[in-house]
J.: 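Could you have a look at this structure, given as structure tokens, before my questions?
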Protein chains: 2
Amino acid sequence: MQLGKPRAERADARRNRLRLLEVAREMMAEHGTANVTMDSLAERAGLGKGTVFRRFGTRAGIFKALLDEEAHRFQEQVISGPPPLGPGAGPVERLIAYGRVRIEFLIANLAVAQAAMERDIRAPAVEVDMTQMHLRMLLGQADLDVPDLDILATQLSAALEGPLLLYLASAPPVETLDAEPARRLADGWQTLVERLFGIDAPRGTEGDAPQR
Amino acid sequence: MQLGKPRAERADARRNRLRLLEVAREMMAEHGTANVTMDSLAERAGLGKGTVFRRFGTRAGIFKALLDEEAHRFQEQVISGPPPLGPGAGPVERLIAYGRVRIEFLIANLAVAQAAMERDIRAPAVEVDMTQMHLRMLLGQADLDVPDLDILATQLSAALEGPLLLYLASAPPVETLDAEPARRLADGWQTLVERLFGIDAPRGTEGDAPQR
DNA sequence: AGTCTAAACGGACTTTACCCCGCTTATATT
DNA sequence: AATATAAGCGGGGTAAAGTCCGTTTAGACT
């Protein structure tokens, strides 16, 4: 079948892509995601509108790209960082850790994450795939007596990301978010996972939760 | 603080609202949700575009309204129908039943549900409130040793609705969906809830699931 | 029946994402 | 260096959502 190599990104293309991301960040910093329109972005970057679309395909694509840059660091931690997030800890512990950090990450980048979903819900959206695959892997490692692990992974990833991206992100186009809902969500996630695995609330004795 | 009654809907307003919904249904039946544009809808209904927006506020609003009509029947079943969906059964049983029926409902109306979310994620979306509140209530009735029931309800409703509305609804703007994912999702939901409540899989004896 | 007013109506206007396609250019090959 | 060509570029064009505001009308009250 042999499909030839993707023929590396051309130098000008790369330059423009980076410039556009840079300018997008600037514009966001100034007036939030809302005012980053394709026209204004192109103009301010000194490029044609067509170029913007060629580079990112869609408006949401820009924010996805922005998010990916961040997500990449995070992903490295997960793959080869120290436990409990990285390998080394038990799967349940890693599940919990993953969720907590992911929630933190999403909250820190809420505006971008929202913008990355806006319009066309469909499409893998915000790195959901990554979460789903990782959960699936950890669920496989923990030996859980559940018939359909794929579905469970899907449901859990929805439980993890959904509240932030959908429910919690209501009303005004959120730009920032304080720490309390973050803690509630993270604790909720932990409880959910623990109960799923039949761990009955390590409450009281353990000095488990000053958590910050 | 007496805020006067909302001053019932005017006759012409009601007539036009119903007509628009009717026409929208027709157009959907012919070419799917995609071709229901505000302009064409208005024109075909013989009304001005302004009227359409006045009645529904936004494109998604039309589909929400369409969904509500259906959801209303469903809601009645939940509130005063026979168990296990309606009152009379235990809370865990009702949780499971609710999820199963809700999944069925969403799959049956997937295209509309998707359209009801498209653009501006924010806003309570697709009757999520109803699901969330109902789950919250049932969780309260089951005495579950969990600190934050609100969060749990949110997470569960995401786990219930999310997969359908987001992940599963990928690729081509879905118009219909076959029965298999429905069963997997429903079974997955049941398993999830059972494990949450520490019920260890009523497998084997019960004629519950030839599972394919 | 006549009057009044909040509500509804209509459609031109604005904004924005996204498409198209002729022109330009980086880069591999000779 | 010259050439070929796939990739990139630009910006005018289209479609669709959503806004505005002057005009019309239902229906309450007299």
Side-chain angles (χ1 to χ4, degrees), chain A residues 3-21 23-24 27-28 31-66 114-123 173, chain B residues 3-21 23-24 27-28 31-66 114-123 173:
Chain A
L3 20 76
K5 71 182 78 149
R7 204 180 190 95
E9 185 182 35
R10 231 169 74 171
D12 50 352
R14 174 184 167 82
R15 196 179 338 115
N16 289 338
R17 181 170 55 79
L18 294 177
R19 168 151 184 76
L20 284 168
L21 287 177
V23 173
M27 294 176 77
M28 277 183 48
H31 305 100
T33 55
N35 93 113
V36 181
T37 76
M38 302 309 258
D39 288 288
S40 64
L41 176 58
E43 188 183 19
R44 181 148 160 185
L47 295 170
K49 203 189 339 180
T51 304
V52 182
F53 278 94
R54 168 167 278 265
R55 284 284 78 84
F56 298 105
T58 164
R59 188 183 124 98
I62 292 173
F63 296 103
K64 279 185 199 157
L66 240 26
Q114 280 184 224
M117 299 198 67
E118 238 154 52
R119 209 173 250 97
D120 70 16
I121 304 293
R122 55 189 129 285
Chain B
L3 20 77
K5 71 184 75 154
R7 206 181 186 93
E9 186 182 34
R10 234 168 74 171
D12 51 352
R14 174 185 168 82
R15 194 178 342 112
N16 288 340
R17 180 171 55 79
L18 294 177
R19 170 153 183 74
L20 284 168
L21 288 177
V23 172
M27 294 177 76
M28 277 184 47
H31 303 101
T33 55
N35 92 113
V36 181
T37 77
M38 302 309 258
D39 287 288
S40 64
L41 177 59
E43 187 182 21
R44 181 148 160 184
L47 295 170
K49 191 168 25 158
T51 304
V52 182
F53 278 94
R54 168 167 278 265
R55 285 283 77 87
F56 299 105
T58 164
R59 187 183 124 99
I62 292 173
F63 296 103
K64 279 184 200 159
L66 240 26
Q114 280 184 227
M117 297 199 69
E118 238 154 52
R119 210 172 252 98
D120 69 19
I121 304 293
R122 54 189 130 283

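Computed from a predicted model, the values in this text were never measured in an experiment. Order of the sequence lines fixes the chain letters, A, B, ..., with proteins taken first and strands second; residue numbering starts at 1 for each chain.
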J.: I need the full list of side chain to side chain donor-acceptor pair (under 3.5 Å) pairs touching residues 41-54 of chain A, with sequence neighbours left out, sorted by first then second residue.
T.: A/Glu26-A/Arg44, A/Glu30-A/Arg44, A/Asp39-A/Lys49

J.: Scan B/Leu41, B/Leu21, B/Leu66 and name whichever one has a side chain to side chain contact (heavy atoms under 4.5 Å, CB included) with B/Phe56.
T.: B/Leu21

J.: Distance from B/Leu20 atom CG to B/Arg55 atom CZ, nearest 0.5 Å?
T.: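 Going from CG on B/Leu20 over to CZ on B/Arg55, the span is 8.5 Å.
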
J.: Identify, between B/Asp39 and B/Ala13, the residue whose nearest nucleotide on DNA chain C lies closer to the 5' end.
T.: B/Ala13

J.: Between A/Ala60 and A/Ala116, which heavy-atom pair has the shortest distance, and what is it?
T.: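 So the minimum-distance heavy-atom pair works out to CB-O, 3.4 Å.
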
J.: Let me know the distance between CG of B/Leu20 and P of C/dA8, rounded to the nearest Å.
T.: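 In whole Å, C/dA8 P and B/Leu20 CG are 13 Å from each other.
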
J.: For the pair made of CG in B/Leu41 and C1' in C/dG11, what is the distance, rounded to whole Å?
T.: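 In whole Å, C/dG11 C1' lies 15 Å from B/Leu41 CG.
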
J.: Ignoring backbone atoms, test whether A/Thr58 places a side-chain nitrogen or oxygen under 4.0 Å from the OP1 or OP2 oxygen of C/dC18.
T.: yes

J.: Does the protein touch nucleotides 25-30 of chain D at the base, only the backbone, or not at all? Give it as B, S and - per nucleotide, heavy atoms under 4.0 Å.
T.: BSS---

J.: Atom CG of A/Asn16 and atom P of C/dT25: how far apart are they, to the nearest Å?
T.: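 Nearest whole value for this atom pair: 13 Å.
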
J.: How close or far is atom P of D/dT19 from atom CE of B/Met38, stated in whole angstroms?
T.: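 For the pair B/Met38 CE and D/dT19 P, the rounded distance is 10 Å.
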
J.: To the nearest 0.5 Å, what is the distance between OG1 on A/Thr58 and CZ on A/Phe63?
T.: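 A/Thr58 atom OG1 to A/Phe63 atom CZ measures 10.0 Å (nearest 0.5 Å).
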
J.: Counting only heavy atoms and a strict 4.0 angstrom limit, can you tell me which residues of residues 46-57 of chain A come near DNA chain D?
T.: A/Leu47, A/Gly48, A/Lys49, A/Gly50, A/Thr51, A/Arg54, A/Arg55

J.: How close do B/Glu9 and B/Arg14 get, counting heavy atoms only, and between which atoms?
T.: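 Closest heavy-atom pair between B/Glu9 and B/Arg14: OE1-CB, 3.4 Å.
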
J.: Measure the distance from CD on A/Glu43 to P on D/dG12 and round it to the nearest whole Å.
T.: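 Between P of D/dG12 and CD of A/Glu43: 12 Å.
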
J.: What heavy-atom pair brings B/Val36 and B/Met27 nearest, and what distance separates the two atoms?
T.: CG2-CB, 3.9 Å

J.: Between B/Val52 and B/Ala42, which heavy-atom pair has the shortest distance, and what is it?
T.: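 For B/Val52 and B/Ala42, the tightest heavy-atom pair comes out as CG2-CB, 3.6 Å.
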
